[in-house]
Peer 1: 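Mind having a look at this structure? Questions to follow.
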Amino acid sequence: MIRAYKFLMRPTVGQAQALGEMLRDHCSLYNGALQERRDAYRHVSKTSIRYGMQSAQLKDIRAFDPERQGRWSFSSQQATLRRLDKAFAAFFRRVKSGETPGYPRFRGVNWFDTVEFPKDGDGCRWDSTPHDPQTRVRFQGVGHVKVNQHRPVAGKVKTVSVKREGKRWYVVLTAEQAQPEPFPPTGSVVGIDLGIATFLADSNGGFVPNPRHGRTAAAKLEAAQQALARCRRRGNRRRKAVAKVADLHRKVRRQRLDHAHKTALGLVRAHDFVAHEDLKIRNMSKAPAPKPDPDQPGAFLPNGAAAKAGLNKSINDAGWGVFLTILHAKAESAGREVIAVDPRNTSRTCPRPECGHVAAENRPTQEKFHCQSCGHTAHADTVGAINVLRAGLARRNANQA
Ligand SMILES: [Zn+2]
């Protein structure tokens, strides 16, 4: 399975200039090769020139023009000659079938916007600084260019292309991903409840803690942000503080991603079916309740915890969203089923099948569940996960019916 990825590049001024020169020189190579084919075609002998003949000249062209053509990757130049060859092949195919196509045209430098590298590692290197959290791609004659890698690349990178769109530069990758083997069925089903104190609770009574270093990193990040706020507008100190904050942000993000991958893989390996709460519905139904002011009917007291809770909530939401995206992707490639269910009442319904009593009083504290009808007690998050599983299985049965 071949997948394509497109990422924005953030070249330095010098690199952007080099990229522009790379396009310019590939464009002139393309046009020069086109000219040669034209001249030969118009000659009385009606010679047709093939890719192999043009490619064989590359060595001399590069040696003759070391400042320009000699500067770029040989393979990328071959790819450009191949593009011209394809244009001609299409032209002759249409001529043969009786059409009157336009002869392949010269490209203006502004219309030539792509350079291809047929093989990663040959004139280019994806992820050229693997030990740095900042992703880079290296191009011969340009250097290591920063990349905004907004999603992971799965599989082995095959081809790499540079593409210019307006003033922006992109790197386009194709990667080959082995067809994933579905995991063997386990006969097991599970419900999960995403939480704050622990990352998640499952319906079997298990808990997955939050990322281990998460809290330390978050504290460091807060300190770094405060230090940044104290800096003057310009200067070295500020630049360093900005870099530090960005660095810690990346670190936190990386740890969270890593943790999410491990947790999702564990669930998908162990269970055929996973039910989780629908976060969109949950966010709507769990908005913090305003406190009515007893002295002034109709007015509300400022909700003291709201500001801090809001921040924590947004951090958690982001983490959960990432986790669920990964969970769904892993489940799909492993042939597992994941269902999102309406989370309302999952934490206040008694999980004992013969009871099922629903009451807010069933949950006296954040952690405790105590059924007011049958006396059943359990960890509240485990109860939530059990009810999520039950709702998920009901939905699955309804879908299958
Ligand atoms: Zn009960």
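Order of appearance sets the numbers: ligands from 1, and atoms from 1 within every ligand.
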Peer 1: So that I can check it, does any N, O or S atom in H357 come closer than 2.8 Å to the Zn ion (ligand 1)?
Peer 2: no

Peer 1: Given E21, which partner from the list R68, R71, R164 fulfils the salt bridge (charged side-chain N to carboxylate O under 4.0 Å, His left out) test?
Peer 2: R71

Peer 1: Within rounding of 10°, what is the angle whose vertex is the Zn ion (ligand 1) and whose arms end at SG of C374 and SG of C371?
Peer 2: 110°

Peer 1: Below 2.8 Å, can you find an N, O or S atom of C350 next to the Zn ion (ligand 1)?
Peer 2: yes

Peer 1: Quick one: sort the H26 and W72 rings into parallel, tilted or perpendicular, breaks at 30° and 60°.
Peer 2: tilted

Peer 1: Using atom types as modelled and distance alone, determine if a side-chain donor or acceptor of D202 lies under 3.5 Å from a backbone N or O of V190.
Peer 2: no

Peer 1: Ring centroid separation for F117 and F74, is it under 6.0 angstrom?
Peer 2: no

